[in-house]
Amino acid sequence: MAKLTKLDDIVSLCKRRGFIFQSSEVYGGLASCYDYGPLGVELKNNVKKAWWKAAVQMRDDIVGLDSSILMHPLIWKASGHADKFADLVAECKKCNTRTRVDHLVDNAEEHTEHVPIETAMADAQDLSKKVCPSCGKIGQFTEPMPFKLMFETQMGANVDDAMTLYLRPETAQGIFVNFKNVLDTTRVKIPFGIAQIGKSFRNEVTTKAFIFRTREFEQAEIEFFCEPGTDEQWYEHWKEVRFKWYTDLGIKKENLRFRDHDPDELAHYAKACVDVEYKFPFGSGDWQELEGIANRTDYDLRQHQRGIRTLNDWFETKGDLTKITLKEEAENFEKGPLSYFDEQNKKRYIPYVIEPSAGIDRSTLAFLVDAYDEEEVKGDTRNLLRFHHALAPIKAAIFPLVKKDGMPEIARKIYDELKGCFNCFYDQKGAVGRRYRRQDEAGTPFCITVDGQTLDDNTVTVRDRDSMEQIRISTDNLKSHLREKLDM
Ligand code: ATP
């Protein structure tokens, strides 16, 4: 049997312990969609909380937003997604499997980026040496064709006014179209950012590696608006801030790196782009994108100004996006509805935008992979997740050593007192050693045990997940001790 990889071990732990399940599993499963179980939803919520805290709560220059998934279709025309958000695919003539052209390899190397369609076209000229990843045939491909990544859906009950909408493929556009609302209703001044976490959808051609690339996923994006000319400085700022976010939450530095995009790899809107990459345990190249940080210039706000000018045509063509050509801007586009007036310097301009765009599911996977450890303890293998305290789904587990002598009652009382402060778990089933191991696998930093001595001197043991060391603490000091340790 082939040796299981670290990813196989993690997938199996995630299923066994209720972190992540295949979507619709009892119906045989739905490819590349996943459900987060009781531990997984806590972990993922903690990842989102940690992101929101760093992006919004701790900064004076960023405000939050929660925009809708369904938006006016013209937004996707203006942003370029309706025409350009596609992957170039080729179909294997032998097995009919479609593969992204930029994922086809003629050696052991593997690529995973969404390459802009123009670049992929240029690369696609020669598929004669490329291998079908499904059946292994070489050079047996159809002509490459664009495959649109946005999911379509219909809105409206009446045939006459029903229209085709898209499930958003990124959360960013919801921010751009609310730029003016936020400016008009808050005290923000440039430079400032708008942050949002939410679901995005892409009909990915190739999905792979568990929750790394799925068709429904969550993004955490900041659009940071700044004066043109200061954009390069802010780009550097965000590179540093975002890299540090991962290492502050426990990701090992040696597993994280930057990769600058080559000029011909840049998306149509970007002046510069860098990926924060993590050394994932799959794919031959290992290093895979965790987050993208892009200098989007004034592209999006300018495009939406053009979109707004085109609105009447859209109504006249009954919402047929294929018939819409965006109206050219008036000469003084800097004075358009999405421009910004700098009161202090009395000038008006369209802001530039730096976008750090992270994936919540992808970072959750990175946190899982990085925290996963196996240790030999007294001839036994101990599996554990060394999560940063802020990310651990359960912060403390409370056990009575045995189910008698009043121990369960005391343990319950402790549990009831602590659960108001942080997420706790009560367990009285089975040998205490096994209960410790279960919590190690869940990544619980502390286990508290009520034992015989508790009945005499009111102390309990507190066991540390990482060192397995136990100390005795008076129950009176337990809450403050844990709060200090957990920084909560
Ligand atoms: P990739 O090249 O891996 O397909 P991308 O460059 O198209 O990704 P972006 O459009 O930059 O990705 O999206 C920003 C972030 O959103 C990514 O860094 C990733 O964390 C997350 N993301 C994008 N697509 C997916 C997906 N299909 N599944 C899970 N996360 C995703």
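Only a predicted model underlies this, so the values are computations on that prediction, with no experimental measurement involved. Counting starts at 1 for both ligands and their atoms, in listed order.
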Note to self: Just to be sure I read this right, does ligand 1 sit under 4.0 Å from the backbone of Arg202, its side chain, both, or neither, counting only heavy atoms?
What the structure shows: side chain

Item checked: Atoms in ligand 1 flagged as close to Gly292, the criterion being non-hydrogen separation under 4.0 Å -> 18 (O)

Notebook entry, point to check: Below 4.0 Å from any atom of ligand 1, is there a heavy atom belonging to Asp361?
Noted result: no

Margin query: Below 4.0 Å, non-hydrogen atoms only: which portion of Arg213 touches ligand 1? Side chain, backbone, both or neither.
Written below: both

Note to self: Can you classify the ring geometry of His81 versus Trp76 as parallel (below 30°), tilted (30 to 60°) or perpendicular (above 60°)?
What the structure shows: perpendicular

Checklist line | Contact with ligand 1 for Glu170, non-hydrogen, under 4.0 angstrom | finding: no

Check: Does a side chain donor of either Gln303 or Tyr269 reach within less than 3.5 Å of an acceptor in the other side chain?
Finding: no

Note to self: Is it true that, when you exclude Glu374 itself, more than 12 heavy atoms of the residues, nucleotides or ligands shown sit nearer than 6.0 Å to its CD?
What the structure shows: yes

Margin query: Tell me the nearest of Glu265, Glu289, Glu221 to atom 18 (O) of ligand 1, using heavy-atom distances.
Written below: Glu289

Check: For Thr142, what residues pass the side chain to side chain donor-acceptor pair (under 3.5 Å) criterion, not counting sequence neighbours?
Finding: none

Notebook entry, point to check: What pairs meet the side-chain hydrogen bond (donor to acceptor under 3.5 Å, both in side chains) rule with one or both residues in residues 218-228, with sequence neighbours excluded?
Noted result: Lys44-Glu218, Lys48-Glu218, Thr171-Glu221, Ser200-Gln219, Glu221-Ser357, Glu227-Lys347

Note to self: My understanding is that we take every heavy atom of each candidate and find the minimum distance to atom 29 (C) of ligand 1. Doing that for Phe85, Phe212, Tyr34, which one comes out nearest?
What the structure shows: Phe212

Check: Can you say whether the rings of His304 and Phe176 are parallel (under 30°), tilted (30 to 60°) or perpendicular (over 60°)?
Finding: tilted

